Amino acid sequence: MTLTLRSSVSFIIQKETKFLKTFDDVSTTVTYAKIKPSFNLRVKSSMQIAHTFKSEVSINEKWEKVLTPSISHSNHDGSKKVPVFVMLPLDTVTMGGNLNKPRAMSASLMALKSAGVEGVMVDVWWGLVEKDGPLKYNWEAYAELIQMVQMQGLKLQVVMSFHQCGGNVGDSCSIPLPPWVMEEISKNPDIVYTDRSGRRNPEYISLGCDSVPVLRGRTPLQVYADFMRSFRDRFTDYLGSVISEIQVGMGPCGELRYPSYPESNGTWRFPGIGEFQCYDKYMKASLAAAAEAMGKKEWGRGGPHDSGQYNQFPEDTGFFRKDGTWNSEYGRFFLEWYSGKLLEHGERILVSAKDIFQTSGVKLSGKIAGIHWHYRSRSHAAELTAGYYNTRHIDGYLPIAKMFAKHGVVFNFTCMEMKDREQPDHANCSPEGLVHQVKAATRTAKIELAGENALERYDAGGYAQVLSTSVSDSGTGLAAFTYLRMNKKLFEGDNWRNLVDFVRNMSNGGRRQRLPDSDLRGSDLYVGHIKKTKEHKQDAEAALV
């Protein structure tokens with residue numbers, strides 16, 4: 001494999017030019033041989049790559065120091081570093097099973113390394129890897145990526161993505177479930193989530209059939225376990241070193257939730273309350289059995305009849321309004337069953353993942369959605385339809401945190417960048433209140449909390465909010481933060497400068513510390529408008545074979 005990277009000085013720009021030409025239009029001239037997985041390269045920085053391979057690079061020592069980061073993993077004052085990861089594009093691997101734009105990817109990874117980023121996150125799509133048939137796995141593009149990440153001295157968070165890509169906030173491409181799975185769905189539509197009007201959602205297999213052999217003789221849980229086991233066997237040499245974390249997908253968008261607010265075809269729009277997803281035959285059978293066990297057979301005929309439609313508000317419904325059915329004996333029964341099924345589903349998958357990866361040295365994590373709209377209402381309607389039984393009277397996140405703690409799983413949560421005052425008044429939002437509640441739940445459960453931003457943000461204000469929320473009430477920081485997402489915009493002028501500042505601040509335990517205008521001692525990384533750049537504009541080319 002041949003990759004090129006044009007000079008290190010090209011990462012520093014003049015005031016009037018854009019900063020980096022990554023991700024799509026980078027110009028490169030570095031060449032290196034394709035590395036087999038059995039090789040264990042240990043590369044600490046992009047500059048060391050050149051020395052490791054004995055390349056001939058003529059770079060002014062002064063400028064080399066400017067480009068070499070010195071952000072350490074621990075601080076002299078004892079403050080905890082919060083490592084920052086960056087999500088890779090959703091289409092990092094193409095539908096054809098190839099690594100997308102490998103030269104640009106290599107250059108982008110080098111730039112991220114130079115900024116002090118700990119590593120990157122990638123979705124490993126079920127719909128791509130097992131596309132050709134049951135138990136037929138194609139890991140080659142991911143193997144190429146992992147080698148590339150290792151070569152840049154970065155870490156990798158891998159998401160076991162058992163959901164489709166497309167139809168949700170931020171989805172920029174379409175990756176459906178494997179074709180053979182879609183065939184089974186066409187034969188038996190009840191294996192996907194269904195709402196009260198009968199609308200089917202092919203984003204994720206319904207948890208109602210977790211233990212039913214609906215996928216050509218295997219249960220969904222068996223299929224997920226086989227997939228993870230194949231990944232483990234293929235990448236054993238990288239687990240615990242290059243691959244530091246496995247985030248286990250447990251629902252739509254990889255989150256442990258129901259697909260209660262699908263955006264595809266305009267079904268849902270913010271800030272609608274969403275709808276319960278319990279009308280496939282497997283979920284209905286489970287509800288009927290639970291109701292009969294309670295001696296209330298009539299409660300098992302379906303979900304709440306007065307819970308409204310996707311785009312209504314709580315007060316428009318009989319179920320979610322201030323004094324609604326949600327707080328009745330029936331409402332409590334239904335919500336306990338609905339949220340309980342979700343919790344059981346998550347635990348089953350995590351138990352399987354724990355068994356598969358327990359000796360590999362990787363962390364396991366699970367992702368919970370930051371559903372902040374209608375958080376200020378008594379019923380927390382949008383959270384309820386998603387499966388989080390969180391109301392004014394009940395903490396819906398503590399049971400999840402305790403379950404994660406039981407299996408040593410990191411609690412990954414979104415919307416860390418959001419402020420209450422930025423949200424529209426009519427939506428009754430409180431992302432800050434929600435984050436505070438989740439932090440309290442994870443502290444009580446004594447587990448690590450990691451964070452993500454829910455929406456693309458490049459401004460200093462968004463980063464400042466993450467810095468603020470990264471420190472818990474007890475004074476400890478997040479276990480890690482993963483930034484959404486790497487693209488062309490991230491590498492432009494102020495956007496890049498904001499990211500570099502953010503990474504530096506997070507390395508200081510969340511304390512804000514602005515980078516100096518220039519630093520030629522090699523002690524701080526500065527990426528931006530450096531004086532006299534014009535005098536040092538010449539490109540140095542390295543040929544790494």
Side-chain angles (χ1 to χ4, degrees), residues 167-171 195-197 199 201 252-253 255 257-277 303-328 331 334-335 338-339 368-397 413-440 451-459 461-462 464-466 468-469 484:
N168 285 292
V169 177
D171 285 352
D195 63 20
R196 188 172 59 177
S197 64
R199 185 185 288 107
N201 190 325
C253 294
E255 298 164 336
R257 66 172 176 86
Y258 293 99
S260 57
Y261 50 100
E263 284 199 304
S264 59
N265 303 318
T267 302
W268 172 89
R269 60 181 179 275
F270 178 84
I273 56 176
E275 290 190 21
F276 292 115
Q277 306 291 310
H305 69 279
D306 57 351
S307 57
Q309 298 176 345
Y310 286 104
N311 295 308
Q312 288 186 301
F313 279 50
E315 292 306 311
D316 298 332
T317 74
F319 192 84
F320 297 116
R321 67 189 182 197
K322 184 177 179 180
D323 55 350
T325 317
W326 64 273
N327 201 28
S328 67
F334 174 79
L335 293 171
Y338 189 68
S339 62
I368 304 300
I371 302 175
H372 55 86
W373 53 103
H374 302 299
Y375 183 83
R376 294 185 186 276
S377 68
R378 288 192 178 186
S379 66
H380 293 236
E383 291 161 89
L384 297 185
T385 57
Y388 306 148
Y389 190 6
N390 191 55
T391 69
R392 183 161 296 185
H393 313 303
I394 295 175
D395 186 340
Y397 300 99
F413 196 66
T414 62
C415 77
M416 292 282 180
E417 85 285 11
M418 293 183 174
K419 296 180 181 178
D420 288 2
R421 60 181 174 81
E422 295 173 340
Q423 312 306 317
D425 291 339
H426 72 282
N428 242 344
C429 298
S430 183
E432 292 177 76
L434 177 57
V435 168
H436 179 80
Q437 181 183 353
V438 166
K439 286 164 70 175
E452 297 179 4
N453 50 310
L455 303 174
E456 286 187 15
R457 291 284 294 267
Y458 306 96
D459 59 292
Q465 182 63 14
V466 174
S468 176
T469 57
L484 181 155

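On a predicted model such as this, the values are computed, not experimentally measured, just so you know. Only this structure's heavy atoms are used, side chains among them; waters, hydrogens and symmetry mates stay out.
- Although no hydrogens or angles enter the test, the distance criterion places a donor-acceptor pair under 3.5 Å between the side chain of W373 and the main chain of G272.
- Note that OH of Y389 is 8.0 Å distant from CH2 of W326, once rounded to the nearest 0.5 Å.
- Remark: of the listed residues Y375, Y397, Y258, Y338, Y397 is the sole one forming a ring pair (Phe, Tyr, Trp, His ring centres under 6.0 Å) with Y388.
- N201 places none of its side-chain heavy atoms less than 4.5 Å from the side chain of R199.
- The backbone N or O of Y310 sits less than 3.5 Å from a side-chain atom of E275, completing a donor-acceptor pair.
- At least one side-chain heavy atom of L434 sits less than 4.5 Å from a side-chain heavy atom of E383.
- Heavy-atom contacts from other residues, nucleotides or ligands closer than 6.0 Å to NE2 of H393 number more than 12.
- Between A454 and T414, the shortest heavy-atom distance links the atoms CB-CB, 4.3 Å.
- For the residue pair F270 and P424, the shortest heavy atom distance occurs at CE2-CG, 3.8 Å.
- Looking only at side-chain heavy atoms (C-beta outward), E452 and M416 stay at 4.5 Å or farther from each other.
- The CZ atom of R196 sits 4.5 Å away from atom OG of S307, with the distance rounded to the nearest 0.5 Å.
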> So F320 and T391, side-chain contact (heavy atoms from CB on, under 4.5 Å) or not? Walk me through it.
Replying inline: CA-CA 10 Å; F320 297 116; T391 69; over 6 Å; no
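- Counting heavy atoms from C-beta on, the side chains of N390 and L384 never come closer than 4.5 Å.
- For CG of N265, the number of neighbouring non-hydrogen atoms (other residues, nucleotides, ligands) closer than 6.0 Å is 12 at most.
- When all heavy atoms of G303 and F334 are compared, the pair lying nearest together is CA-CE1, 3.8 Å.
- N327 contributes atom CG, which lies 11.0 Å from atom CZ of R392 (distance to the nearest 0.5 angstrom).
- Residues M418 and Q465 have side chains not in contact (no heavy-atom distance under 4.5 Å, counting atoms from C-beta outward).
- Each of P314, S379, C429, S430 was scored for a side-chain contact (heavy atoms from CB on, under 4.5 Å) with H374, with one residue passing: P314.
- The CD1 atom of I371 sits 5.5 Å away from the OG atom of S260 when rounded to the nearest 0.5 Å.
- Once rounded to the nearest 0.5 Å, the distance linking CG of N428 with CG of D420 reads 10.5 Å.
- A ring-centre distance under 6.0 Å is found for W268 and Y261.
- A donor-acceptor contact closer than 3.5 angstrom links the side chains of D306 and T325.
- Atom OG1 of T469 is separated from atom CD of E417 by 8.5 Å, given to the nearest 0.5 angstrom.
- Of all the heavy atoms in E456 and Y458, the pair that sits closest is OE1-OH, 2.8 Å.
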> Please walk me through it: do T317 and I273 pass side-chain contact (heavy atoms from CB on, under 4.5 Å)?
Replying inline: CA-CA 10 Å; T317 74; I273 56 176; 3.8 Å; yes
